[in-house]
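By convention here, the first residue in the shown sequence is residue 1.
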Amino acid sequence: QVQLVESEGGLVQAGGSLRLSCAASGPTVGSYVIGWFRQAPGKGREFVAVISLSGINPYYLDSVKGRFTISRNNAKNTVYLQMNSLKPEDTAVYYCAARRNWSTNPADFGSWGQGTQVTVSS
């Protein structure tokens, strides 16, 4: 069992940056893979990034490669999503999620944060 709490999102102009955080708690929190997903109005929830337990080999949605960086601080039980060069199409509610094994499919993740709104203006 793991509980996830996300930081506040925000409004940023195109080309700007935001950093989201996801704080995890629970007796086995260190054993979970953590991913970030997003959902825009009228669209399904899509994979954005996922990070291994070691934090060495992150994996990203093609459209965010080179712009977004996922990282984790295991001492703080926190995962971050640094978003640079933001585009209007990045506008969505962003969620962190956890599961035992590696996946990029949101249907495979059982524990979810509350979601936070990120809005990128033109």
Side-chain angles (χ1 to χ4, degrees):
Q1 185 179 5
V2 60
Q3 305 294 324
L4 304 173
V5 178
E6 299 170 28
S7 63
E8 190 77 13
L11 172 66
V12 65
Q13 291 185 324
S17 299
L18 286 174
R19 189 183 74 164
L20 304 179
S21 65
C22 176
S25 62
T28 59
V29 61
S31 299
Y32 283 82
V33 172
I34 305 295
W36 285 95
F37 300 82
R38 66 188 182 187
Q39 187 165 15
K43 297 183 178 181
R45 192 167 296 183
E46 69 174 349
F47 163 78
V48 175
V50 65
I51 191 166
S52 67
L53 296 177
S54 68
I56 296 175
N57 295 310
Y59 182 73
Y60 301 94
L61 176 70
D62 284 346
S63 64
V64 309
K65 288 180 179 178
R67 300 190 298 119
F68 290 12
T69 302
I70 186 171
S71 62
R72 66 190 299 166
N73 186 327
N74 288 336
K76 295 183 177 181
N77 295 321
T78 301
V79 174
Y80 304 93
L81 185 68
Q82 178 67 46
M83 303 183 291
N84 298 327
S85 301
L86 282 161
K87 304 175 180 179
E89 51 263 43
D90 295 319
T91 295
V93 176
Y94 283 71
Y95 301 86
C96 62
R99 75 184 304 265
R100 286 287 193 174
N101 304 114
W102 181 275
S103 178
T104 60
N105 185 351
D108 291 337
F109 286 75
S111 298
W112 291 85
Q114 78 277 13
T116 188
Q117 178 70 46
V118 173
T119 302
V120 184
S121 62
S122 300

Let's go through Phe68 and Asp90 carefully: what are the C-alpha distance in whole Å and the side-chain angles of both, what is the deciding distance for side-chain contact (heavy atoms from CB on, under 4.5 Å) to 0.1 Å, and is it a yes or a no?
CA-CA 11 Å; Phe68 290 12; Asp90 295 319; 3.9 Å; yes
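In this structure, Trp112 and Pro106 have side chains that are in contact, with non-hydrogen atoms separated by less than 4.5 Å. Residues Val118 and Leu20 are in side-chain contact: their nearest non-hydrogen atoms beyond the backbone lie under 4.5 Å apart. Tyr59 is not listed as a side-chain neighbour of Ile51, based on a closest heavy-atom distance of 4.5 Å or more. Looking only at side-chain heavy atoms (C-beta outward), Arg100 and Phe109 stay at 4.5 Å or farther from each other.
Residues passing the side chain to side chain donor-acceptor pair (under 3.5 Å) test with Tyr94 are Arg38, sequence neighbours excluded. For the side chain to side chain contact (heavy atoms under 4.5 Å, CB included) test, residues two or more places apart in sequence or in another chain that qualify with Lys43 are Ala40. For Asn74, the side chain to side chain contact (heavy atoms under 4.5 Å, CB included) criterion is met by Arg72, not counting sequence neighbours.
Gly113 approaches Tyr95 most closely through the heavy-atom pair O-CD2, 3.8 Å. Heavy atoms only, all atoms of each residue included: Phe47 and Ala49 are closest at CE1-C, 3.2 Å. Heavy-atom minimum distance, Leu18 versus Val12: CD1-CG1, 4.0 Å. Taking every heavy atom of both residues into account, Leu4 and Ile34 meet most closely at CD2-CD1, 4.4 Å. Nearest heavy-atom pair across Tyr32 and Ala98 is CD2-CB, 3.9 Å. Here the shortest heavy-atom pairing between Phe37 and Ala97 reads CE1-CB, 3.9 Å.
Among residues at least two apart or in separate chains, there is no salt bridge (charged side-chain N to carboxylate O under 4.0 Å, His left out) pair with a member in residues 4-30. Identified under the ring-ring contact (aromatic ring centres under 6.0 Å, His included) test for residues 8-28, with sequence neighbours left out: none.
Rounded to the nearest 0.5 angstrom, Ser21 OG and Asn73 CG are separated by 11.0 Å.
At least one donor-acceptor pair under 3.5 Å links the side chain of Tyr60 to the backbone N or O of Ile70. With hydrogens and angles disregarded, a donor-acceptor distance shorter than 3.5 Å links the side chain of Thr91 to the backbone of Val120.
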Would you be so kind as to tabulate the donor-acceptor pairs closer than 3.5 Å made by side chains of residues 80-89, with sequence neighbours excluded?
{"residue": "Gln82", "atom": "NE2", "partner": "Asn84", "partner atom": "OD1", "Å": "3.0"}
{"residue": "Asn84", "atom": "OD1", "partner": "Ser17", "partner atom": "OG", "Å": "2.8"}

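A single hydrophobic cluster is seen to contain both Val48 and Trp102, as judged by linkage of ILVMFWY side chains at heavy-atom distances under 4.5 Å, directly or through other members.
Counted by atom type alone, Gln114 and Thr116 present zero donor-acceptor pairs between their side chains at under 3.5 Å.
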